[in-house]
Number of protein chains: 2
Amino acid sequence: MGRNDALTGMGSVQKAFALLDVVAADERGLSAKEIAAALEMPLPSVYRLLKTLVESRHLVHLKDQSRYALGYKLHALDASLHRQVGTPSAVARLVLELHSRGDAAAYYAVHRGDHVVVAHVVDSPTRRRITPMGFGFNDAAHATAFGKILLAGMDSTQRRAFLARHGLPSMTCNTIRTVEELERELHQVSEGGIAFEREEFMLGSSCLGAPVRNAAGQIVGSVAVSMDAADFDQRSAWIATLLRDTADKVGRALRATTALPQRS
Amino acid sequence: MGRNDALTGMGSVQKAFALLDVVAADERGLSAKEIAAALEMPLPSVYRLLKTLVESRHLVHLKDQSRYALGYKLHALDASLHRQVGTPSAVARLVLELHSRGDAAAYYAVHRGDHVVVAHVVDSPTRRRITPMGFGFNDAAHATAFGKILLAGMDSTQRRAFLARHGLPSMTCNTIRTVEELERELHQVSEGGIAFEREEFMLGSSCLGAPVRNAAGQIVGSVAVSMDAADFDQRSAWIATLLRDTADKVGRALRATTALPQRS
DNA sequence: ACTTCGGTTCTCGCCCGGTGAGAATGCCCG
DNA sequence: CGGGCATTCTCACCGGGCGAGAACCGAAGT
C-alpha cells in the first residue's frame, strides 16, 4: 500500500549525507556520540564514516572539543555551484543597480533543469529579501513573481509537466490554488509583460517581476523585486517601468556574453 | 614499500564524493558517460550513484541536456558552514570598515580545530584579495600575516605540533624555510604586536596583520590586509596603526557577544 | 602512581548489499 | 519505422560494510 521509495540503494552514501545534514543542523558541531544517537547508528560505524569524511575535508575534527563540524570542501563545492549557475558579472551589476534604484530587495531567476531557480539576490539590512528566497531557492514558482514570468514563458506542454511535478502548494491564504486560475493569471502576465505577486508567498510581502529574453525572444530569466505589501500600490507603477528597463538591459548583457542561454 | 593510505574503507562514499568533485570541476556539468570515463567506473554504477545524489539534491539532472550538475543542497551546507565558523556581524562590519579605510583587501582569520582559517574577507574589484585566500583558506600559516599572528599566540608545544603537521612549504623565494628563522620572526611579531609578510606567499603581494584577543588576553583571531608589494613600504606605517585599532575593536565586539571564543 | 572515564580505534566473523556485464526500455531524430 | 543514445533493470557473485566487543589512549581525579 502506498509507494515506498526509501530503498534506492547506496545505503552508506545516504548515511554519509545524512550525517552531514545532522552535523550541519547544529550551530557548533556534534560529538560522535551525539551523531550516533541522532542517526540511530552504532558508534563504530559512525566513526568509520567520520574518518572518511574528515579525510575528504567535508568535515573537520575539532579535537580540542571532541566535536565534528563541517569542512571547507563544502565551500569549494558551493563556489563551483555558483560557477555552474553562472550569473555574469554584468548581470549582477544590473541587479545591484535595480536594488539601489528601486530601493527594494532584487532578484534574478532562471530556468535550470526542471526548476525555476534564484540565481542572484541583492538585498540590504533595510530592504531584506524574503527570507527563504536566497540563492538556490526553487520552490513555489506559482507563488512568486519571477516564477510566474518563467512559467508564462514555457509552452503549455512543459508547463503542464512542471505543474504536475510540483503541484500548487498553498503558502498563504492568497496563493493561487487551481490550474485554471493560474492559467488566467499567466495569460495576463504574458499580455502585460509584468508579473504581480500580492502576499501569495508570504503575508506582508509582495513582488513584481519582468521577463528577460534571449536573442530568439524566448524567456530565459526574470528580474524581480520584493517589498512590503503596504508599499506595493504606491510604488508598483514606478517599479514596473524600472523592472522593464532592467530586464531589457539584462537581456542585452546576456546576448553580449558568449553562448546564448537556451530555455529548458 | 611506502605507506599506502588509499583504503580507509567506505569505498562507495569516497566514490560519491569523487563524483561530486568531477562534476564540480566542469563549468557546465557532465553527462553520465563522461563521469564514468573520468572515474573509470562502469556506467550502471555511475547511474546508481547519480540517482541517490539527485534524490538527496546534492546533484541536479539537467534532462534537456542530459547532463548532471551540482545541486542546491550544497549551498545549504555551505550556509551552515558559514554559521558554524560564525563571524559576528559586528566583526564583519569592522572588517568592511578596515577595507575601506585602509583601501586594501581585508581579512579576518581564526583558529578552528587544527587549522588557521580565513573566516571573513572583504575586497573589491580595485583591491582584490590574494586569489586563493578566500573564506575557508587554511594553508601556509607560516607564509601569511594572520597565520604568523595566530602562530605567535600558540604556546610552544602547540606550535611545534602544528608545524610538524603542516611543515613549511615554500610558496615563493621569500617564504621562511626553517623553524629557527620562523621562531625568530614570531618573537618579533609578539614584541611588535604586528606581523609582516613580504611576498612570502605570493610574489607581488605583501600583508600586515594584528592580533585579536579575548577577555583573557589570548590571541583568538587576527585581522590583516594585503596590498601590492610596491605600495608596502610607504603605506605600512599607517596601515599598522589602523590594524591595531581595528583589532582592538574586534576584540571588544567579540567580548560583547555571548560566549567568549577559546583558543585551540 | 593508580584508577576512572570518555573518546577513538581495532579485531573479526557474518552476510548484506554494492557491483558490473549485459540486456531491456524508452526516447529522440531522421 | 528504425537506429542511436540515455537510462534502467536483472541477476549472480563476492567484496567490503556491519556491529559487538575489546583494546588503546590521553586527560582528569584521588
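Every chain is numbered from 1 and lettered A, B, ... according to where its sequence line falls, protein lines coming before strand lines.
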Please report the distance, rounded to the nearest Å, between CG in L50(B) and P in dT8(D). 9 Å
In whole Å, I'd like the distance from the CE atom of M41(B) to the P atom of dG20(C). 7 Å
Side-chain N,O (H61(B)) to OP1/OP2 (dT7(D)) below 4.0 Å: yes
Picking from dT7(D), dC18(D), dT9(C), the nucleotide nearest the side-chain atoms of Y47(A) would be dT9(C)
How many Å lie between CG on L43(A) and P on dC18(D), as a whole number? 14 Å
Find the distance between NE2 (H142(A)) and OG1 (T175(A)) and round it off to the nearest 0.5 Å. 5.5 Å
S45(A) vs dG19(D): side-chain N/O to OP1/OP2 distance below 4.0 Å: yes
Answer with base, sugar-phosphate or nothing: what part of the nucleic acid does K63(B) contact at a heavy-atom distance below 4.0 Å? nothing
Out of dT8(C), dC18(D), dT7(D), which has the shortest distance to the side chain of S12(A)? dC18(D)
Using the side-chain heavy atoms of A32(A), tell me which of these nucleotides is nearest: dG17(D), dG20(C), dT8(C). dT8(C)
Expressed as a whole number of angstroms, how long is the span from Q14(A):CD to dG17(D):C1'? 15 Å
Derivation of the ring pair (Phe, Tyr, Trp, His ring centres under 6.0 Å) call for Y108(B) and F135(B): CA-CA 9 Å; Y108(B) 173 58; F135(B) 172 87; over 10 Å; no
Has the side chain of R48(B) got a donor or acceptor that lies under 3.5 Å from a partner of the other kind on the base of dG17(C)? no
Just the rounded figure in Å: distance from C1' of dG6(C) to CD of Q65(A). 16 Å
State yes or no: are the ring centers of F17(B) and F17(A) separated by less than 6.0 Å? yes
Out of dG20(C), dG7(C), dT7(D), minimum distance to the side chain of K33(A) belongs to dG7(C)
Look at the side chain of P44(A) and decide which nucleotide, out of dT8(C), dT7(D), dA20(D), has an atom nearest to it. dA20(D)
Which label fits H166(B) and H115(B): parallel for a plane angle under 30°, tilted from 30 to 60°, or perpendicular past 60°? perpendicular
Given dG17(D), dG19(D), dT7(D), which nucleotide is nearest the side-chain atoms of M10(B)? dG17(D)
Assign each of S31(A) and K51(A) to its nearest nucleotide of DNA chain C by heavy atoms, then name whichever residue's nucleotide is nearer the 5' end. S31(A)
Could you state the CG-P distance from L30(A) to dG7(C), rounded to the nearest angstrom? 13 Å
E55(A) and T52(A) side chains, donor-acceptor separation under 3.5 Å: no
Considering only dA21(C), dG7(C), dA20(D), which nucleotide approaches the side chain of P42(B) most closely? dA21(C)
Would you mind reading off the distance between I35(B) atom CD1 and dT7(D) atom P, rounded to a whole angstrom? 9 Å
In whole Å, I'd like the distance from the CG atom of L49(A) to the P atom of dT8(C). 15 Å
